[in-house]
Protein chains: 2
Amino acid sequence: MDKLNLDQHISRQFNEDLEEIKTSMLEMGGLVEMQVGDAIRALEDADSRLAERVIEVESRIDEMEMDIDETCTTLIARRQPAASDLRLVTAVSKTIRDLERIGDEAQKIAKMAIKLSEEGEAPRGYTEVRHIGNCVRKMLNDSLDAFSRFDAEAAIATMKEDRQVDMDYKSALREMITYMMEDPRSISRSMNILWALRSLERVGDHAKNICEHIVYLVQGRDIRHRGPDA
Amino acid sequence: MDKLNLDQHISRQFNEDLEEIKTSMLEMGGLVEMQVGDAIRALEDADSRLAERVIEVESRIDEMEMDIDETCTTLIARRQPAASDLRLVTAVSKTIRDLERIGDEAQKIAKMAIKLSEEGEAPRGYTEVRHIGNCVRKMLNDSLDAFSRFDAEAAIATMKEDRQVDMDYKSALREMITYMMEDPRSISRSMNILWALRSLERVGDHAKNICEHIVYLVQGRDIRHRGPDA
(Lines give C-alpha, C1' and ligand atoms only; values in the text may rest on other atoms or scores of the structure.)
Protein backbone atom coordinates (compact mmCIF):
# COMPACT_ATOMS: atom_id res chain seq x y z
CA MET A 1 0.00 0.00 0.00
CA ASP A 2 2.03 2.91 -1.24
CA LYS A 3 1.59 6.65 -0.69
CA LEU A 4 0.08 6.02 2.74
CA ASN A 5 1.97 4.90 5.81
CA LEU A 6 -0.49 2.57 7.37
CA ASP A 7 0.58 1.67 10.87
CA GLN A 8 2.82 -1.33 11.01
CA HIS A 9 0.99 -4.04 12.87
CA ILE A 10 2.35 -6.80 14.97
CA SER A 11 -0.64 -8.80 13.87
CA ARG A 12 -0.45 -9.96 10.28
CA GLN A 13 -4.16 -10.70 10.52
CA PHE A 14 -4.89 -7.02 11.06
CA ASN A 15 -3.03 -6.12 7.87
CA GLU A 16 -4.96 -8.75 6.02
CA ASP A 17 -8.26 -7.46 7.39
CA LEU A 18 -7.44 -3.95 6.20
CA GLU A 19 -6.41 -5.23 2.78
CA GLU A 20 -9.60 -7.26 2.59
CA ILE A 21 -12.03 -4.40 3.13
CA LYS A 22 -10.16 -2.36 0.54
CA THR A 23 -10.25 -5.20 -1.96
CA SER A 24 -13.94 -5.87 -1.35
CA MET A 25 -14.69 -2.19 -1.81
CA LEU A 26 -12.82 -2.06 -5.13
CA GLU A 27 -14.65 -5.18 -6.26
CA MET A 28 -17.95 -3.51 -5.41
CA GLY A 29 -16.70 -0.45 -7.29
CA GLY A 30 -16.00 -2.55 -10.37
CA LEU A 31 -19.51 -3.94 -10.34
CA VAL A 32 -21.01 -0.47 -9.88
CA GLU A 33 -18.99 0.83 -12.83
CA MET A 34 -20.36 -1.97 -14.96
CA GLN A 35 -23.89 -1.13 -13.84
CA VAL A 36 -23.54 2.51 -14.88
CA GLY A 37 -22.15 1.48 -18.28
CA ASP A 38 -24.91 -1.08 -18.83
CA ALA A 39 -27.64 1.34 -17.76
CA ILE A 40 -26.45 3.96 -20.24
CA ARG A 41 -26.24 1.36 -23.01
CA ALA A 42 -29.74 0.10 -22.17
CA LEU A 43 -31.04 3.66 -22.44
CA GLU A 44 -29.29 4.39 -25.73
CA ASP A 45 -30.41 1.12 -27.34
CA ALA A 46 -33.86 1.07 -25.68
CA ASP A 47 -32.78 -2.40 -24.56
CA SER A 48 -35.24 -3.41 -21.85
CA ARG A 49 -33.56 -6.77 -21.32
CA LEU A 50 -30.25 -5.22 -20.41
CA ALA A 51 -32.12 -2.72 -18.24
CA GLU A 52 -33.83 -5.56 -16.37
CA ARG A 53 -30.45 -7.10 -15.69
CA VAL A 54 -29.17 -3.84 -14.23
CA ILE A 55 -32.17 -3.79 -11.89
CA GLU A 56 -31.52 -7.40 -10.85
CA VAL A 57 -27.83 -6.86 -10.12
CA GLU A 58 -28.67 -3.88 -7.90
CA SER A 59 -29.62 -6.16 -5.00
CA ARG A 60 -26.15 -7.73 -5.13
CA ILE A 61 -24.61 -4.29 -4.73
CA ASP A 62 -26.86 -3.62 -1.75
CA GLU A 63 -25.67 -6.86 -0.15
CA MET A 64 -22.05 -6.00 -0.81
CA GLU A 65 -22.51 -2.66 0.90
CA MET A 66 -24.04 -4.25 3.99
CA ASP A 67 -21.38 -6.98 4.14
CA ILE A 68 -18.46 -4.58 3.86
CA ASP A 69 -20.07 -2.20 6.33
CA GLU A 70 -20.42 -5.00 8.87
CA THR A 71 -16.81 -6.03 8.34
CA CYS A 72 -15.75 -2.42 8.98
CA THR A 73 -17.71 -2.25 12.24
CA THR A 74 -16.36 -5.62 13.41
CA LEU A 75 -12.85 -4.50 12.55
CA ILE A 76 -13.24 -1.32 14.61
CA ALA A 77 -14.65 -3.27 17.57
CA ARG A 78 -12.01 -6.03 17.49
CA ARG A 79 -8.87 -4.26 16.37
CA GLN A 80 -9.46 -0.78 17.70
CA PRO A 81 -7.64 0.89 14.83
CA ALA A 82 -6.18 4.36 15.25
CA ALA A 83 -4.71 7.05 12.99
CA SER A 84 -4.41 6.05 9.32
CA ASP A 85 -5.87 2.58 9.96
CA LEU A 86 -9.02 4.11 11.37
CA ARG A 87 -9.10 6.59 8.50
CA LEU A 88 -8.92 3.71 6.03
CA VAL A 89 -11.86 1.95 7.67
CA THR A 90 -13.83 5.21 7.79
CA ALA A 91 -13.02 6.04 4.17
CA VAL A 92 -14.06 2.57 3.00
CA SER A 93 -17.26 2.76 5.02
CA LYS A 94 -18.16 6.10 3.44
CA THR A 95 -17.09 5.13 -0.05
CA ILE A 96 -19.28 2.03 -0.15
CA ARG A 97 -22.24 4.23 0.70
CA ASP A 98 -21.49 6.43 -2.29
CA LEU A 99 -21.00 3.37 -4.47
CA GLU A 100 -24.36 2.04 -3.37
CA ARG A 101 -25.96 5.37 -4.26
CA ILE A 102 -24.32 5.26 -7.69
CA GLY A 103 -25.83 1.80 -8.06
CA ASP A 104 -29.23 3.32 -7.21
CA GLU A 105 -28.76 5.94 -9.92
CA ALA A 106 -27.84 3.21 -12.43
CA GLN A 107 -31.04 1.45 -11.49
CA LYS A 108 -33.03 4.65 -12.02
CA ILE A 109 -31.48 5.06 -15.48
CA ALA A 110 -32.37 1.43 -16.25
CA LYS A 111 -35.98 2.14 -15.29
CA MET A 112 -36.01 5.10 -17.69
CA ALA A 113 -34.62 2.78 -20.37
CA ILE A 114 -37.56 0.42 -19.84
CA LYS A 115 -40.04 3.29 -20.04
CA LEU A 116 -38.46 4.53 -23.26
CA SER A 117 -38.56 1.04 -24.75
CA GLU A 118 -42.30 1.00 -24.00
CA GLU A 119 -43.23 4.58 -24.93
CA GLY A 120 -40.87 4.87 -27.88
CA GLU A 121 -37.62 6.77 -28.07
CA ALA A 122 -37.28 10.38 -27.04
CA PRO A 123 -36.72 12.78 -29.95
CA ARG A 124 -33.54 14.23 -28.46
CA GLY A 125 -31.06 14.13 -25.63
CA TYR A 126 -29.12 10.97 -26.41
CA THR A 127 -25.96 12.83 -27.39
CA GLU A 128 -26.04 14.58 -24.01
CA VAL A 129 -26.58 11.28 -22.18
CA ARG A 130 -23.62 9.75 -23.99
CA HIS A 131 -21.37 12.74 -23.37
CA ILE A 132 -22.18 13.23 -19.67
CA GLY A 133 -22.27 9.46 -19.22
CA ASN A 134 -18.71 9.16 -20.52
CA CYS A 135 -17.52 11.99 -18.27
CA VAL A 136 -18.96 10.56 -15.06
CA ARG A 137 -17.87 7.02 -15.89
CA LYS A 138 -14.34 8.33 -16.28
CA MET A 139 -14.66 10.20 -12.96
CA LEU A 140 -15.85 7.04 -11.21
CA ASN A 141 -13.07 4.94 -12.74
CA ASP A 142 -10.42 7.50 -11.86
CA SER A 143 -11.67 7.86 -8.29
CA LEU A 144 -11.54 4.10 -7.67
CA ASP A 145 -8.11 4.01 -9.25
CA ALA A 146 -6.94 6.85 -6.99
CA PHE A 147 -8.32 4.97 -3.97
CA SER A 148 -6.48 1.79 -4.86
CA ARG A 149 -3.22 3.76 -5.13
CA PHE A 150 -3.96 6.07 -2.14
CA ASP A 151 -3.29 8.93 -4.54
CA ALA A 152 -4.67 12.20 -3.15
CA GLU A 153 -3.41 14.29 -6.07
CA ALA A 154 -5.24 12.13 -8.59
CA ALA A 155 -8.33 12.37 -6.39
CA ILE A 156 -8.16 16.17 -6.38
CA ALA A 157 -7.72 16.25 -10.16
CA THR A 158 -10.76 14.00 -10.56
CA MET A 159 -12.87 16.14 -8.23
CA LYS A 160 -12.26 19.14 -10.44
CA GLU A 161 -13.92 17.41 -13.38
CA ASP A 162 -17.25 17.60 -11.57
CA ARG A 163 -17.53 21.30 -12.38
CA GLN A 164 -17.55 20.65 -16.10
CA VAL A 165 -20.11 17.88 -15.60
CA ASP A 166 -22.36 20.26 -13.70
CA MET A 167 -22.08 22.86 -16.44
CA ASP A 168 -22.75 20.34 -19.20
CA TYR A 169 -25.70 19.01 -17.24
CA LYS A 170 -27.23 22.46 -16.83
CA SER A 171 -26.77 23.21 -20.50
CA ALA A 172 -28.34 19.85 -21.43
CA LEU A 173 -31.31 20.62 -19.18
CA ARG A 174 -31.88 23.96 -20.86
CA GLU A 175 -31.83 22.32 -24.28
CA MET A 176 -34.23 19.61 -23.19
CA ILE A 177 -36.67 22.21 -21.88
CA THR A 178 -36.47 24.04 -25.21
CA TYR A 179 -37.22 20.79 -27.09
CA MET A 180 -40.16 20.11 -24.83
CA MET A 181 -41.61 23.55 -25.48
CA GLU A 182 -41.24 23.05 -29.22
CA ASP A 183 -42.79 19.60 -29.19
CA PRO A 184 -45.10 19.21 -26.18
CA ARG A 185 -46.24 15.77 -27.28
CA SER A 186 -42.75 14.47 -26.55
CA ILE A 187 -42.68 15.81 -22.98
CA SER A 188 -43.30 12.49 -21.29
CA ARG A 189 -40.54 10.75 -23.27
CA SER A 190 -38.18 13.69 -22.91
CA MET A 191 -38.71 13.63 -19.15
CA ASN A 192 -37.29 10.11 -19.06
CA ILE A 193 -34.09 11.40 -20.66
CA LEU A 194 -34.09 14.34 -18.28
CA TRP A 195 -34.25 12.05 -15.22
CA ALA A 196 -31.46 9.93 -16.68
CA LEU A 197 -29.32 13.05 -17.12
CA ARG A 198 -30.07 13.99 -13.54
CA SER A 199 -28.97 10.55 -12.37
CA LEU A 200 -25.73 10.84 -14.33
CA GLU A 201 -25.03 14.20 -12.76
CA ARG A 202 -25.54 12.56 -9.34
CA VAL A 203 -23.07 9.83 -10.28
CA GLY A 204 -20.52 12.60 -10.80
CA ASP A 205 -21.35 14.04 -7.36
CA HIS A 206 -20.81 10.67 -5.70
CA ALA A 207 -17.52 10.13 -7.55
CA LYS A 208 -16.48 13.52 -6.22
CA ASN A 209 -17.44 12.42 -2.69
CA ILE A 210 -15.26 9.34 -3.08
CA CYS A 211 -12.36 11.63 -4.00
CA GLU A 212 -12.99 13.63 -0.83
CA HIS A 213 -12.81 10.42 1.21
CA ILE A 214 -9.45 9.64 -0.43
CA VAL A 215 -8.00 13.05 0.48
CA TYR A 216 -9.20 12.54 4.05
CA LEU A 217 -7.67 9.09 4.13
CA VAL A 218 -4.29 10.10 2.75
CA GLN A 219 -3.88 13.61 4.14
CA GLY A 220 -6.20 13.54 7.17
CA ARG A 221 -7.90 16.70 5.82
CA ASP A 222 -11.66 16.97 5.56
CA ILE A 223 -12.16 18.97 2.35
CA ARG A 224 -15.88 18.44 2.03
CA HIS A 225 -17.85 21.56 1.14
CA ARG A 226 -14.60 23.38 0.45
CA GLY A 227 -13.92 22.39 -3.10
CA PRO A 228 -10.78 20.94 -4.64
CA ASP A 229 -8.88 24.23 -4.46
CA ALA A 230 -9.07 24.51 -0.66
CA MET B 1 -30.90 7.14 27.65
CA ASP B 2 -33.81 4.74 27.77
CA LYS B 3 -34.71 1.79 25.55
CA LEU B 4 -31.04 1.12 24.90
CA ASN B 5 -28.64 -0.37 27.35
CA LEU B 6 -25.55 1.57 26.59
CA ASP B 7 -22.57 -0.02 28.24
CA GLN B 8 -21.93 1.27 31.70
CA HIS B 9 -18.62 3.05 31.70
CA ILE B 10 -16.16 3.50 34.44
CA SER B 11 -15.33 6.81 32.85
CA ARG B 12 -17.97 9.47 33.33
CA GLN B 13 -16.27 11.41 30.56
CA PHE B 14 -17.05 8.65 28.08
CA ASN B 15 -20.75 8.85 28.93
CA GLU B 16 -20.63 12.57 28.50
CA ASP B 17 -18.90 12.23 25.12
CA LEU B 18 -21.61 9.87 23.90
CA GLU B 19 -24.34 12.18 25.16
CA GLU B 20 -22.62 15.09 23.47
CA ILE B 21 -22.53 13.65 19.96
CA LYS B 22 -26.18 12.68 20.27
CA THR B 23 -27.13 16.17 21.46
CA SER B 24 -25.11 17.85 18.71
CA MET B 25 -26.75 15.61 16.13
CA LEU B 26 -30.24 16.48 17.39
CA GLU B 27 -29.32 20.15 17.33
CA MET B 28 -28.19 19.80 13.73
CA GLY B 29 -31.45 17.96 13.05
CA GLY B 30 -33.44 20.85 14.47
CA LEU B 31 -31.69 23.31 12.20
CA VAL B 32 -32.22 21.06 9.17
CA GLU B 33 -35.92 20.78 9.98
CA MET B 34 -36.14 24.55 10.06
CA GLN B 35 -34.36 24.77 6.72
CA VAL B 36 -36.83 22.44 5.04
CA GLY B 37 -39.77 24.40 6.47
CA ASP B 38 -38.29 27.73 5.40
CA ALA B 39 -37.45 26.46 1.91
CA ILE B 40 -41.03 25.29 1.35
CA ARG B 41 -42.39 28.58 2.65
CA ALA B 42 -40.01 30.52 0.39
CA LEU B 43 -41.25 28.51 -2.59
CA GLU B 44 -44.92 28.95 -1.75
CA ASP B 45 -44.60 32.68 -1.14
CA ALA B 46 -42.02 33.29 -3.91
CA ASP B 47 -40.02 34.87 -1.10
CA SER B 48 -36.49 35.24 -2.45
CA ARG B 49 -35.24 36.82 0.76
CA LEU B 50 -36.18 33.83 2.86
CA ALA B 51 -34.73 31.59 0.16
CA GLU B 52 -31.42 33.46 0.33
CA ARG B 53 -31.34 32.90 4.07
CA VAL B 54 -31.83 29.16 3.59
CA ILE B 55 -28.87 29.14 1.21
CA GLU B 56 -26.74 31.04 3.71
CA VAL B 57 -27.56 28.77 6.65
CA GLU B 58 -26.60 25.73 4.58
CA SER B 59 -22.90 26.34 5.20
CA ARG B 60 -23.51 26.18 8.96
CA ILE B 61 -25.08 22.75 8.53
CA ASP B 62 -22.06 21.62 6.52
CA GLU B 63 -19.80 22.74 9.35
CA MET B 64 -21.90 20.97 11.94
CA GLU B 65 -21.64 17.76 9.95
CA MET B 66 -17.87 17.99 9.73
CA ASP B 67 -17.52 18.87 13.44
CA ILE B 68 -19.70 16.02 14.65
CA ASP B 69 -18.02 13.61 12.26
CA GLU B 70 -14.63 14.56 13.61
CA THR B 71 -15.85 14.14 17.19
CA CYS B 72 -17.11 10.66 16.27
CA THR B 73 -13.75 9.65 14.80
CA THR B 74 -11.85 11.03 17.80
CA LEU B 75 -14.19 9.20 20.13
CA ILE B 76 -13.59 5.90 18.33
CA ALA B 77 -9.82 6.40 18.39
CA ARG B 78 -9.63 7.46 22.04
CA ARG B 79 -12.36 5.44 23.71
CA GLN B 80 -12.44 2.35 21.51
CA PRO B 81 -16.17 1.84 21.97
CA ALA B 82 -17.70 -1.59 21.46
CA ALA B 83 -21.19 -3.05 21.14
CA SER B 84 -24.00 -0.53 21.60
CA ASP B 85 -21.57 2.36 22.20
CA LEU B 86 -19.96 1.75 18.83
CA ARG B 87 -23.37 1.40 17.23
CA LEU B 88 -24.37 4.77 18.67
CA VAL B 89 -21.28 6.46 17.22
CA THR B 90 -21.84 4.74 13.87
CA ALA B 91 -25.53 5.65 13.81
CA VAL B 92 -24.78 9.29 14.63
CA SER B 93 -22.07 9.41 11.97
CA LYS B 94 -24.47 8.07 9.34
CA THR B 95 -27.41 10.17 10.45
CA ILE B 96 -25.52 13.45 10.19
CA ARG B 97 -24.70 12.55 6.61
CA ASP B 98 -28.39 12.12 5.85
CA LEU B 99 -29.16 15.37 7.66
CA GLU B 100 -26.58 17.17 5.58
CA ARG B 101 -28.15 15.75 2.42
CA ILE B 102 -31.56 16.95 3.58
CA GLY B 103 -29.98 20.37 4.04
CA ASP B 104 -28.76 20.16 0.44
CA GLU B 105 -32.27 19.40 -0.75
CA ALA B 106 -33.61 22.37 1.24
CA GLN B 107 -31.02 24.52 -0.51
CA LYS B 108 -32.12 23.19 -3.90
CA ILE B 109 -35.74 24.03 -3.08
CA ALA B 110 -34.64 27.52 -2.03
CA LYS B 111 -32.90 27.95 -5.40
CA MET B 112 -36.13 26.99 -7.16
CA ALA B 113 -37.96 29.56 -4.99
CA ILE B 114 -35.56 32.24 -6.24
CA LYS B 115 -36.08 31.20 -9.85
CA LEU B 116 -39.85 31.27 -9.42
CA SER B 117 -39.67 34.72 -7.82
CA GLU B 118 -37.78 35.88 -10.94
CA GLU B 119 -39.70 34.04 -13.66
CA GLY B 120 -43.11 34.39 -12.06
CA GLU B 121 -45.14 31.73 -10.28
CA ALA B 122 -45.83 28.34 -11.77
CA PRO B 123 -49.46 27.81 -12.79
CA ARG B 124 -49.84 24.65 -10.70
CA GLY B 125 -48.20 22.25 -8.28
CA TYR B 126 -48.23 24.26 -5.06
CA THR B 127 -50.87 22.07 -3.41
CA GLU B 128 -48.69 19.04 -4.10
CA VAL B 129 -45.60 20.82 -2.70
CA ARG B 130 -47.49 21.70 0.47
CA HIS B 131 -48.92 18.21 0.90
CA ILE B 132 -45.72 16.26 0.24
CA GLY B 133 -43.76 18.90 2.16
CA ASN B 134 -45.93 18.35 5.25
CA CYS B 135 -45.57 14.57 4.99
CA VAL B 136 -41.77 14.59 4.78
CA ARG B 137 -41.39 17.23 7.47
CA LYS B 138 -43.43 15.01 9.77
CA MET B 139 -41.26 12.02 8.82
CA LEU B 140 -38.10 13.99 9.57
CA ASN B 141 -39.46 15.22 12.90
CA ASP B 142 -40.63 11.75 13.91
CA SER B 143 -37.33 10.16 12.95
CA LEU B 144 -35.33 12.62 15.07
CA ASP B 145 -37.77 12.11 17.90
CA ALA B 146 -37.38 8.33 17.62
CA PHE B 147 -33.60 8.75 17.68
CA SER B 148 -33.68 10.87 20.81
CA ARG B 149 -35.78 8.18 22.54
CA PHE B 150 -33.93 5.20 20.99
CA ASP B 151 -37.35 4.01 19.86
CA ALA B 152 -37.04 1.39 17.12
CA GLU B 153 -40.79 0.80 16.87
CA ALA B 154 -41.45 4.47 16.21
CA ALA B 155 -38.65 4.42 13.64
CA ILE B 156 -40.23 1.48 11.83
CA ALA B 157 -43.63 3.19 11.83
CA THR B 158 -42.05 6.34 10.37
CA MET B 159 -40.23 4.38 7.65
CA LYS B 160 -43.54 3.00 6.44
CA GLU B 161 -44.78 6.50 5.67
CA ASP B 162 -42.23 6.78 2.88
CA ARG B 163 -44.31 4.51 0.66
CA GLN B 164 -47.21 6.95 0.66
CA VAL B 165 -44.82 9.82 -0.03
CA ASP B 166 -43.41 7.94 -3.04
CA MET B 167 -46.89 7.28 -4.37
CA ASP B 168 -48.00 10.88 -3.87
CA TYR B 169 -44.81 12.07 -5.54
CA LYS B 170 -45.35 9.88 -8.58
CA SER B 171 -48.93 11.03 -8.89
CA ALA B 172 -47.85 14.69 -8.57
CA LEU B 173 -45.26 14.13 -11.31
CA ARG B 174 -47.85 12.72 -13.68
CA GLU B 175 -50.12 15.69 -13.06
CA MET B 176 -47.29 18.16 -13.62
CA ILE B 177 -46.43 16.50 -16.94
CA THR B 178 -50.06 16.75 -17.99
CA TYR B 179 -50.12 20.48 -17.12
CA MET B 180 -46.94 21.02 -19.07
CA MET B 181 -48.39 19.35 -22.14
CA GLU B 182 -51.51 21.50 -21.89
CA ASP B 183 -49.55 24.72 -21.42
CA PRO B 184 -46.07 24.39 -22.94
CA ARG B 185 -45.24 28.04 -22.22
CA SER B 186 -45.24 27.21 -18.51
CA ILE B 187 -42.77 24.32 -18.86
CA SER B 188 -39.80 26.22 -17.52
CA ARG B 189 -41.66 27.45 -14.43
CA SER B 190 -43.34 24.08 -13.90
CA MET B 191 -39.94 22.41 -14.02
CA ASN B 192 -38.92 24.42 -10.96
CA ILE B 193 -41.86 22.97 -9.05
CA LEU B 194 -41.02 19.55 -10.36
CA TRP B 195 -37.45 19.76 -9.05
CA ALA B 196 -38.75 20.97 -5.71
CA LEU B 197 -41.11 17.98 -5.52
CA ARG B 198 -38.19 15.72 -6.34
CA SER B 199 -36.16 17.27 -3.53
CA LEU B 200 -39.01 16.75 -1.08
CA GLU B 201 -39.27 13.11 -2.09
CA ARG B 202 -35.54 12.79 -1.39
CA VAL B 203 -36.04 14.34 2.06
CA GLY B 204 -38.46 11.47 2.75
CA ASP B 205 -35.85 8.95 1.60
CA HIS B 206 -33.24 10.42 3.94
CA ALA B 207 -35.69 10.44 6.87
CA LYS B 208 -36.27 6.76 6.11
CA ASN B 209 -32.50 6.17 6.15
CA ILE B 210 -32.31 7.81 9.58
CA CYS B 211 -34.99 5.37 10.79
CA GLU B 212 -32.88 2.49 9.49
CA HIS B 213 -29.90 3.78 11.49
CA ILE B 214 -32.10 3.85 14.61
CA VAL B 215 -33.18 0.23 14.15
CA TYR B 216 -29.53 -0.75 13.69
CA LEU B 217 -28.58 1.20 16.80
CA VAL B 218 -31.30 -0.23 19.03
CA GLN B 219 -31.65 -3.76 17.71
CA GLY B 220 -28.28 -4.34 16.02
CA ARG B 221 -30.13 -5.32 12.81
CA ASP B 222 -29.22 -3.85 9.44
CA ILE B 223 -32.60 -3.50 7.71
CA ARG B 224 -31.43 -1.41 4.78
CA HIS B 225 -32.79 -2.50 1.42
CA ARG B 226 -35.19 -4.86 3.18
CA GLY B 227 -38.06 -2.54 3.94
CA PRO B 228 -39.81 -1.92 7.26
CA ASP B 229 -41.62 -5.28 7.18
CA ALA B 230 -38.45 -7.37 7.19
Side-chain angles (χ1 to χ4, degrees), chain A residues 58-63 65-67 69-70 72-74 76-83 85-87 89-91 93-94 97-98 100-101 103-104 173-174 176-192 194-195 198 202 205 209 212 216 220-226, chain B residues 58-63 65-67 69-70 72-74 76-83 85-87 89-91 93-94 97-98 100-101 103-104 173-174 176-192 194-195 198 202 205 209 212 216 220-226:
Chain A
E58 174 60 16
S59 63
R60 236 182 86 206
I61 292 174
D62 292 345
E63 276 166 31
E65 187 208 1
M66 291 197 291
D67 284 349
D69 207 21
E70 204 187 328
C72 288
T73 308
T74 310
I76 290 176
R78 286 216 194 125
R79 304 280 175 185
Q80 304 170 342
D85 296 334
L86 180 54
R87 290 207 306 277
V89 181
T90 310
S93 169
K94 288 183 176 174
R97 198 159 175 207
D98 281 300
E100 190 269 328
R101 298 284 164 86
D104 276 351
L173 271 195
R174 276 192 301 270
M176 290 304 290
I177 289 174
T178 310
Y179 301 152
M180 289 195 281
M181 289 170 81
E182 285 167 3
D183 180 13
R185 286 165 311 163
S186 77
I187 287 179
S188 179
R189 282 171 293 144
S190 293
M191 283 300 297
N192 296 330
L194 213 138
W195 292 125
R198 172 76 160 195
R202 296 294 300 151
D205 288 344
N209 291 347
E212 289 171 350
Y216 167 75
R221 288 192 304 145
D222 188 345
I223 58 163
R224 280 178 291 181
H225 316 300
R226 277 168 206 172
Chain B
E58 173 61 15
S59 63
R60 237 183 84 207
I61 291 173
D62 293 345
E63 276 166 32
E65 187 207 1
M66 291 197 291
D67 285 349
D69 207 22
E70 204 186 327
C72 287
T73 308
T74 311
I76 290 176
R78 284 215 195 126
R79 303 279 175 186
Q80 304 170 340
D85 296 333
L86 180 55
R87 290 207 306 276
V89 181
T90 310
S93 170
K94 288 183 176 176
R97 197 156 176 211
D98 281 299
E100 190 269 328
R101 297 283 165 87
D104 275 352
L173 271 197
R174 275 193 300 269
M176 291 304 290
I177 289 174
T178 310
Y179 300 152
M180 289 196 281
M181 288 170 84
E182 285 168 3
D183 180 12
R185 286 164 311 164
S186 77
I187 286 179
S188 178
R189 283 171 290 145
S190 293
M191 282 300 298
N192 295 329
L194 213 137
W195 293 125
R198 170 80 160 193
R202 295 293 301 151
D205 288 343
N209 291 347
E212 290 171 349
Y216 166 76
R221 289 192 304 146
D222 188 345
I223 59 163
R224 281 178 291 181
H225 316 300
R226 276 165 208 177

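No hydrogens, no waters, no symmetry mates; every other heavy atom, side chains included, goes into these values. All values reported here derive from a predicted model rather than from experimental measurement. Order of the sequence lines sets the chain letters (A, B, ...), proteins ahead of strands, with each chain counted from 1.
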Residue pair V89(A) / I76(B), side-chain heavy-atom distance below 4.5 Å
no
Highest number of heavy-atom pairs under 4.5 Å with chain B among D183(A), D98(A), T90(A) belongs to D98(A)
Top of M181(B), M180(B), M191(B), R97(B) for chain A proximity - count of heavy-atom pairs under 4.5 angstrom
R97(B)
Checking R224(A) now: which residues fulfil salt bridge (Lys or Arg N to Asp or Glu O under 4.0 Å) with it, not counting sequence neighbours?
D222(A), E65(B), D69(B)
Can you say whether E100(B) sits under 4.5 Å from chain A via the side chain, the backbone, both, or neither, judging by heavy atoms?
side chain
Interatomic spacing from OH in Y216(A) to OG1 in T73(B) - rounded to 0.5 Å
4.0 Å
Counting heavy-atom pairs under 4.5 Å with chain A, which one of E58(B), R185(B), R101(B), R174(B) comes out on top?
R101(B)
If we define contacts as heavy-atom pairs under 4.5 Å, which of R78(A), K94(A), E63(A) has the most with chain B?
K94(A)
Please classify the contact of D205(A) with chain B as side chain, backbone, both or neither, using a heavy-atom distance under 4.5 Å.
neither
So for D104(B), is it side chain, backbone, both, or neither that comes closer than 4.5 Å to the heavy atoms of chain A?
neither
Residues that S188(B) engages under side-chain contact (heavy atoms from CB on, under 4.5 Å), provided they are two or more places apart
I177(A), E119(B)
